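The figures that follow rest on heavy atoms only: side chains count, while hydrogens, waters and symmetry mates do not. None of these values were measured; they are calculated from a predicted model.
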Amino acid sequence: MTAFTVALVLVVAAAGLLRWRRPAWYWLTFGVALAALRVAFRYASVMDACGLTVPPSRWRLALARVANRPVPESRPPRILWLRPTRTGLVLRLKLRPGQDAFDVSAATDRLRHSFGMYGVTSRELRSGVVELRMTGYDVLKRVQMPAKVDRAPMRIPVALREDGAIHYRDYRTVPHGLTLGATESGKSVYQRNLVAGLAAQDVALVGIDCKQGVELFPLARRFSALADNPDTALELLDALVSHMQDVYQLIRAQQRISVNVPDAEIAADIWDLPADMRPVPVVVLVDEVAELALFATKDEEKRRDRIITALVRLAQLGRASGIYLEICGQRFGSELGKGITMLRAQLTGRTAHRVNDEASANMAFGDIAPDAVLAAIQIPTETPGIAVTGDSSGGWARIRAPHTSLRQAVNICNRHADRTPDLPALAAFRPAVAPLPSARVPLSKTAPATA
């Protein structure tokens, strides 16, 4: 009995230590089994306490009356399956007649307390079927991206959601995006993850960094064009507009409109063209959009109007020609001048890190997900990298990108420097970089290494 007691104490101590120091390991070893048992044994009583049951139907009451049996109890949603994951549990429910997915969504906080989970989110998969994603620990405290991710062209895993799922930046689905964040909010790390993910794909990267290039120019080996001041940015944007028009001319020439061609084969954007004729897609990253919109003189005002007009044209017309915008900034509001609100309307994907004022959060989410505004302004200062993301569907979620240092991003860009395409329209803006040093280093000054 003494040996059993000692072993039990050691197991409990190990579980407590893991839960404190390594919550992910604790979840995989102890937490997932305990949580599954809690859900299995408490399910009926928890659903009843949360008001997620329906009274027995009339035919069941009549059958019980005829058979002289007790009145049947209220029934909770039926469990279709329960699946453990590396971060929590996924519970799929079949709703009873008369129940609504909103009822389950409104009860997620009570379900979190009742089942002893860290977080619970719900989403409706189809009519009458709801999925509950439960997390066993704070997955955003130390972000660890899974080893296996779903990679596809123009689809980049950039962060982890609070429910343990991967957040993807899919340019084919959400062509243009807006990323906001105050100083030291984690916006630059999010941008590095984007560049690092795009570096391994066949895509042209174009950067506009008006902070004299301190953010994007270290990654220059993977960029097809870079601008570090508003004057060069205007010329670069004009070149992109001309490139967009040339791509549309190519699509128009290859549309193959005839009575013998099925509708599905008629080209309407670059992805409908044959692979050997398809222009390379272009992702334009603007690091600080406010620097492009501010002006102090009449000449700077004219330049500013041309820059914003070019950005609006690219946002409105660029998707079909394979040009995607990623606008970043510390502040994004109507005080930046005319055209800013029109530009925002074209930026479907919205991501807001910690911001210094509610107006910036309103500019990000006020028109698509008002509930996300409060979540964005409540991000604490001591948790850089936490962000709120949403799109025009009205849904939003908290995310956090894994920490990627500038050195790591530079190494990834250097490794994939051979993928940098040469675009004739942007040749004048190709950054001049020195060749990479040889991998072989002499052993000494007098005795160089031999092959």
Strictly distance-based, threshold 3.5 Å: is any side-chain N or O of [X] a donor or acceptor partner for the main-chain N or O of [Y]?
| X | Y | value |
| --- | --- | --- |
| Arg350 | Ala364 | yes |
| Arg222 | Val410 | no |
| Asn193 | Ala401 | no |
| Tyr190 | His353 | no |
| Arg221 | Arg415 | no |
| Asp209 | Glu215 | yes |
| Arg96 | Pro76 | yes |
| Arg400 | Leu140 | yes |
| Arg319 | Pro175 | no |

Any chance [atom1] of [X] has more than 12 other-residue heavy atoms, nucleotides or ligands included, within less than 6.0 Å?
| X | atom1 | result |
| --- | --- | --- |
| Met342 | CE | no |
| Gln408 | CD | yes |
| Arg344 | CZ | yes |
| Arg331 | CZ | yes |
| Gln316 | CD | yes |
| Arg313 | CZ | no |
| Lys338 | NZ | no |

Give the minimum heavy-atom separation between [X] and [Y], together with the two atoms involved.
| X | Y | result |
| --- | --- | --- |
| Leu219 | Cys413 | CB-SG, 3.8 Å |
| Met244 | Ile323 | CB-CD1, 3.7 Å |
| Phe365 | Ala376 | CE1-CB, 4.2 Å |
| Gln144 | Leu160 | O-CD2, 4.2 Å |
| Leu347 | Leu343 | CG-O, 3.3 Å |
| Ile379 | Val388 | CD1-CG2, 4.2 Å |

Go through the structure and list residues passing side chain to side chain donor-acceptor pair (under 3.5 Å) with [X], not counting sequence neighbours.
| X | value |
| --- | --- |
| Arg86 | none |
| His176 | none |
| Arg169 | Glu326 |

> Where do Val143 and Lys141 land on the side-chain contact (heavy atoms from CB on, under 4.5 Å) test, with the steps shown first?
Replying inline: CA-CA 6 Å; Val143 177; Lys141 184 176 182 180; over 6 Å; no
>> If the condition is side-chain contact (heavy atoms from CB on, under 4.5 Å), which residues does Leu374 pass it with, not counting sequence neighbours?
In response: Ile377, Gln378
>> Pro281: which residues meet the side-chain contact (heavy atoms from CB on, under 4.5 Å) condition with it, sequence neighbours left out?
In response: Met154, Val203, Ile270, Trp271, Tyr324
Kindly indicate whether the side chain of [X], heavy atoms from C-beta on, has any atom under 4.5 Å from the side chain of [Y].
| X | Y | result |
| --- | --- | --- |
| Leu294 | Arg304 | no |
| Thr135 | Glu162 | no |
| Asp109 | Arg112 | yes |
| Glu184 | Arg354 | yes |

Let me confirm one number: the [atom1]-[atom2] distance from [X] to [Y], rounded to the nearest 0.5 Å.
| X | Y | atom1 | atom2 | result |
| --- | --- | --- | --- | --- |
| Thr351 | His167 | OG1 | NE2 | 5.0 Å |
| Leu226 | Leu285 | CG | CG | 9.5 Å |
| Leu314 | Leu325 | CG | CG | 5.5 Å |
| Ile79 | Arg92 | CD1 | CZ | 13.0 Å |
| Ile308 | Arg306 | CD1 | CZ | 13.0 Å |
| Ile208 | Asp287 | CD1 | CG | 10.5 Å |

> Step by step, would you call Tyr137 with Val139 a side-chain contact (heavy atoms from CB on, under 4.5 Å)?
Replying inline: CA-CA 6 Å; Tyr137 59 97; Val139 298; 3.8 Å; yes
For residues 115-130, which side-chain N or O atoms pair as donor and acceptor with protein atoms under 3.5 Å away, sequence neighbours left out?
residue	atom	partner	partner atom	Å
Tyr118	OH	Asp138	OD2	3.4
Arg123	NE	Glu131	OE1	3.2
Arg123	NH2	Glu131	OE1	3.2

>> Does Val241 form a side-chain contact (heavy atoms from CB on, under 4.5 Å) with Leu237? I'd like the steps, not just the answer.
In response: CA-CA 6 Å; Val241 172; Leu237 290 172; 5.6 Å; no
>> Test side-chain contact (heavy atoms from CB on, under 4.5 Å) on Thr420 and Phe223; report intermediate values, then the result.
In response: CA-CA 6 Å; Thr420 306; Phe223 276 76; over 6 Å; no
>> Would you say Arg407 and Asn411 are linked by a side-chain donor-acceptor pair, where the criterion is simply a distance under 3.5 Å?
In response: yes
